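Take a look at the structure below.
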Amino acid sequence: MSGEDPLANATRAADDLYQLRDTYFPQNPDDKIAKLQTHSDLALNLLDSIPPEERKLPMQRATYEYLRGKILDVFSDYRKEAEDHLSKAVKLNPSLADAWLCLGNCIWKKGDLSAAKNCFTLALSKVIVCTENQTELVEESIQHAKAAIALDVKDGNSWYNLGNACLTSFFVTGAWDHSKLRQSLKAYQNAEKDERMESNPDLYFNCATVNKYLENYERALTGFEAAAVKDPGLKATEEVQKIVYLLDKIDNLLIKEGDQLILLEPFYRHVDFSWKGKIYQFNSIRVDFIEQVLVNGKALSPQQAVHSSIFAQHKP
């Protein structure tokens, strides 16, 4: 509409572009890149059509730079031009939380994790939400997802949303309640039953992430490999390499049969499977702090423990 704010139109175009990125998964990944490029060019043209006098104020200029950077950053690889525009946006308006978030995502792609973390921290500082409210919002999203499932129990997308909500709830409530992880895993498994979800790489990545944390290593490896095939930009192949590295380290640990273990609030699991011709068979004991385990009355040595972290796939 002619009377509508040009920046509002550009904002909607950028949102539509990201909606395309998150929902379009053709068999050939090159088709997705080509389509994103086409829609990205259209969004940039719309942005450039805004008269200079309508984007000269600092707030207008900040929004313009943010949108331009966001549109350029829609691809899975790092784009310096995107970083430059997003950097200008946060300088013009340091309170623009979405710009800090996009800048962090952009910088993360080039491997500068420290700078990316700083951007994410600044983004969070601009959005003041207390833990109680955040927990309530997550629980509300779980109820909405369950309501959608009740309307169509075979809808894979609704099950996928429930899985994401339960996984988020796990982190928000302190990352200790494994029942939330199991609920998330069950939801993802139901989502996989819907053929329409077969082309969604994020489903396989997030499901694999849950399996990794639950130490279902074989399922995690299979899931990450499937995600890597569907979307190489997810870096799921790196997750496979991390798990294999972790398993190889655990396989070589030096705790002998007959050693006396004292365990404080452990998570115990027997691991027994083969991957790429190698057999992994060991008893796994996971704790939040290494001080919770004593071997023969003594603290663990560096050769007897492996440190590991969990990261879920995030797309702003």
Side-chain angles (χ1 to χ4, degrees), residues 15-33 35-36 74-76 105 108-109 138-172 175 177-243 273 275 309-316:
D15 291 342
D16 290 343
L17 178 64
Y18 274 71
Q19 177 71 9
L20 175 67
R21 182 199 70 174
D22 295 339
T23 59
Y24 179 59
F25 304 107
Q27 292 295 323
N28 186 348
D30 291 338
D31 292 341
K32 179 173 183 175
I33 295 174
K35 193 164 187 177
L36 284 175
V74 72
F75 303 96
S76 60
N105 187 64
W108 174 79
K109 292 177 186 177
V138 173
E139 291 305 316
E140 186 176 330
S141 68
I142 290 176
Q143 296 308 315
H144 285 314
K146 288 182 176 180
I149 291 170
L151 294 174
D152 183 0
V153 72
K154 295 183 179 180
D155 181 34
N157 193 58
S158 295
W159 281 110
Y160 170 64
N161 289 334
L162 178 60
N164 289 343
C166 290
L167 182 56
T168 302
S169 179
F170 170 73
F171 289 114
V172 169
D177 188 351
H178 285 197
S179 68
K180 295 183 184 297
L181 284 178
R182 288 189 286 271
Q183 291 169 10
S184 177
L185 182 61
K186 183 65 176 178
Y188 286 143
Q189 290 171 339
N190 283 327
E192 290 175 349
K193 296 176 183 179
D194 187 343
E195 294 181 356
R196 295 171 297 179
M197 299 299 291
E198 291 180 357
S199 59
N200 186 343
D202 291 332
L203 168 60
Y204 292 89
F205 189 99
N206 289 351
C207 186
T209 298
V210 175
N211 275 314
K212 173 186 173 182
Y213 200 64
L214 290 174
E215 298 187 34
N216 299 326
Y217 293 119
E218 186 174 13
R219 293 179 184 176
L221 288 165
T222 302
F224 281 130
E225 280 207 334
V229 170
K230 296 176 186 298
D231 186 355
L234 286 179
K235 301 184 184 300
T237 301
E238 294 181 9
E239 293 298 322
V240 171
Q241 295 169 350
K242 290 177 184 176
I243 292 178
F273 75 99
W275 182 259
S309 301
I310 179 173
F311 299 95
Q313 176 64 16
H314 166 70
K315 286 187 175 181

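The figures that follow rest on heavy atoms only: side chains count, while hydrogens, waters and symmetry mates do not. A quick note: this is a predicted structure, and the numbers were derived from the prediction, not measured.
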Please find the pair of heavy atoms, one from [X] and one from [Y], that lie closest to each other, and give the distance.
X: Ala227; Y: Pro201; result: CB-O, 3.7 Å
X: Gly156; Y: Ala191; result: O-CB, 3.3 Å
X: Ala165; Y: Val138; result: O-CG1, 3.6 Å
X: Phe170; Y: Asp177; result: CD1-O, 3.3 Å
X: Ser199; Y: Phe25; result: O-CB, 2.6 Å

Measure the [atom1]-[atom2] distance between [X] and [Y] for me, rounded to the nearest 0.5 Å.
X: Gln189; Y: Arg182; atom1: CD; atom2: CZ; answer: 12.5 Å
X: Leu162; Y: Gln143; atom1: CG; atom2: CD; answer: 9.5 Å
X: Met197; Y: Trp159; atom1: CE; atom2: CH2; answer: 12.5 Å
X: Glu139; Y: Cys166; atom1: CD; atom2: SG; answer: 8.0 Å
X: Leu185; Y: Leu214; atom1: CG; atom2: CG; answer: 6.5 Å
X: Lys235; Y: Trp108; atom1: NZ; atom2: CH2; answer: 5.5 Å

Inset, instruction - Evaluate the side chain to side chain contact (heavy atoms under 4.5 Å, CB included) criterion for residues Asn216 and Phe273: first the C-alpha distance (whole Å), next the side-chain angles of each, then the deciding distance (0.1 Å), finally the verdict. - result: CA-CA 10 Å; Asn216 299 326; Phe273 75 99; over 6 Å; no
Legend entry - Side chains of Asn190 and Lys186 in contact at under 4.5 Å (non-hydrogen atoms): yes
Inset, instruction - Check the pair Asp231, Tyr204 against side chain to side chain contact (heavy atoms under 4.5 Å, CB included), reporting the backbone distance first and the verdict last. - result: CA-CA 10 Å; Asp231 186 355; Tyr204 292 89; over 6 Å; no
Indicate yes or no for a side-chain donor-acceptor contact from [X] to the backbone of [Y] under 3.5 Å, with no hydrogens or angles considered.
X: Lys230; Y: Glu198; value: yes
X: Ser184; Y: Lys180; value: no
X: Lys32; Y: Arg21; value: yes
X: Thr209; Y: Phe205; value: yes

Inset, instruction - Report the relative orientation of the aromatic rings in Tyr160 and Tyr188; use parallel for angles under 30°, tilted for 30 to 60°, perpendicular for over 60°. - result: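 Judged by the thresholds at 30° and 60°, the geometry between Tyr160 and Tyr188 is tilted.
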Inset, instruction - Verify side chain to side chain contact (heavy atoms under 4.5 Å, CB included) between Leu36 and Leu17, making sure each step is shown before the conclusion. - result: CA-CA 7 Å; Leu36 284 175; Leu17 178 64; 4.0 Å; yes
Legend entry - Neighbour count above 12 (heavy atom, 6.0 Å) for Lys109 NZ: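 Yes.
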Legend entry - Between Asp194 and Asn157, a side-chain donor and acceptor under 3.5 Å: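 Note: Asp194 and Asn157 side chains miss the donor-acceptor criterion.
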